[in-house]
Amino acid sequence: MHKNSSNEELQPYLNKKTVLVCKKDQDFILEGTPVVGLYFVYQGKAKIAKTGLMGKEQIIRFAKPGEIVGHRGFGYSQEYQISAKALERTVLCSFSTEVITKALLTVPSLTYDLLTFYSEELNRSETKVKKFAQMTVREKVIDALLYINRKFGQSKGLLNLQLTRKEIADFAGTTEEQVIRVLSSLKKEKLLNTEGKKIGIERVELLSKEIADHNYFIDS
DNA sequence: TCATTAACTGTCG
DNA sequence: CGACAGTTAATGA
């Protein structure tokens with residue numbers, strides 16, 4: 001998506017963007033709130049989640065710079081089906097639904113990009129269903145860690161995304177305690193490093209091997 | 001110093 | 001495996 005910033009065809013639309021700066025932990029989309037437009041992450045990181053009954057939260061995915069947020073908001077739905085929160089200081093560009101609609105109708109490359117994005121998203125959520133149904137807690141936690149590694153990478157041996165164990169649990173579909181237990185046993189097996197809140201993956205290949213049976217799509 | 005938060009452990013259904 | 005209770009360590013008002 002970001003690569004389109006250079007496209008001249010898009011310039012008239014880019015001028016209509018609104019820049020929004022979020023502080024850490026700030027929500028910029030609330031579930032059930034009227035749709036106002038579409039967001040792109042320019043800087044920072046965000047988490048996209050759905051809150052179920054009983055305050056249980058399911059983290060759908062994380063977004064990094066260049067990614068789109070709130071895409072399910074336009075079209076027919078009147079309200080956002082998800083909520084999004086900045087994980088750190090995050091800069092967002094937002095476009096109104098009208099602007100996006102016009103842009104999509106006139107710039108094919110943008111439409112194509114969005115289509116690709118949707119298709120990947122659908123793939124992800126389909127394999128996620130399978131994962132949640134078939135994987136053990138240990139595998140789900142490993143899977144979550146590998147996802148974070150793929151998306152954000154590591155620097156000096158630690159994951160570039162700092163999450164609480166609770167957030168990892170909400171993403172993996174378990175509870176905080178289970179995550180802690182898996183984490184500490186992985187640490188004992190020397191597959192993992194842990195420094196307080198920070199986590200480092202020592203042997204990515206070994207972890208991938210454990211969930212290989214479930215990885216139909218490498219990038220899910 | 002006290003209070004809060006997060007990481008962690010033990011145990012039970 | 002999930003839920004609850006309880007301990008410990010770090011942090012900050």
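Per chain, numbering begins at 1; letters A, B, ... match sequence-line order. Bear in mind the structure is a predicted one, so any value in this text is a computation, not a measurement.
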Tell me the salt bridge (Lys or Arg N to Asp or Glu O under 4.0 Å) pairs involving [range], sequence neighbours left out?
range                       : result
residues 194-204 of chain A : A:R203-A:E205
residues 167-183 of chain A : A:K47-A:E167, A:K166-A:D170
residues 31-42 of chain A   : A:E31-A:K50
residues 11-28 of chain A   : none

* Under the side-chain hydrogen bond (donor to acceptor under 3.5 Å, both in side chains) test, which residues partner A:Q26, sequence neighbours left out? ->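 Checked A:Q26 against side-chain hydrogen bond (donor to acceptor under 3.5 Å, both in side chains); zero matches.
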* For A:E121, what residues pass the side-chain hydrogen bond (donor to acceptor under 3.5 Å, both in side chains) criterion, not counting sequence neighbours? -> none
* Asked: Which parts of nucleotides 4-13 of chain B does protein reach within less than 4.0 Å, heavy atoms only, written one letter per nucleotide 5' to 3' as B for base, S for sugar-phosphate only and - for none?
  -> ---SBBBB--
* Write out all pairs satisfying ring-ring contact (aromatic ring centres under 6.0 Å, His included) with one or both partners inside residues 155-203 of chain A, taking only residues at least two apart or from two chains. =>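 Sorted pair list: A:F62-A:F171, A:Y147-A:F171.
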* Pairwise ring-ring contact (aromatic ring centres under 6.0 Å, His included) hits with a residue in residues 183-209 of chain A, at least two apart -> none
* **Aromatic centroids of A:F95 and A:Y39 separated by under 6.0 Å** =>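 A:Y39 vs A:F95: aromatic centres not under 6.0 Å.
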* To do: On DNA chain C, reading 5' to 3', which nucleotide is the first and which the last to sit with an atom under 4.0 Å from a heavy atom of chain A, could you check?
  =>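 Result: C:dC1 to C:dC4.
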* Listed partners of A:R165 passing salt bridge (Lys or Arg N to Asp or Glu O under 4.0 Å), at least two apart -> none
* Asked: How sharply is the helix from B:dT1-C:dA13 to B:dG13-C:dC1 bent, taking the axes over five pairs at either end and rounding to 10 degrees?
  -> 10°
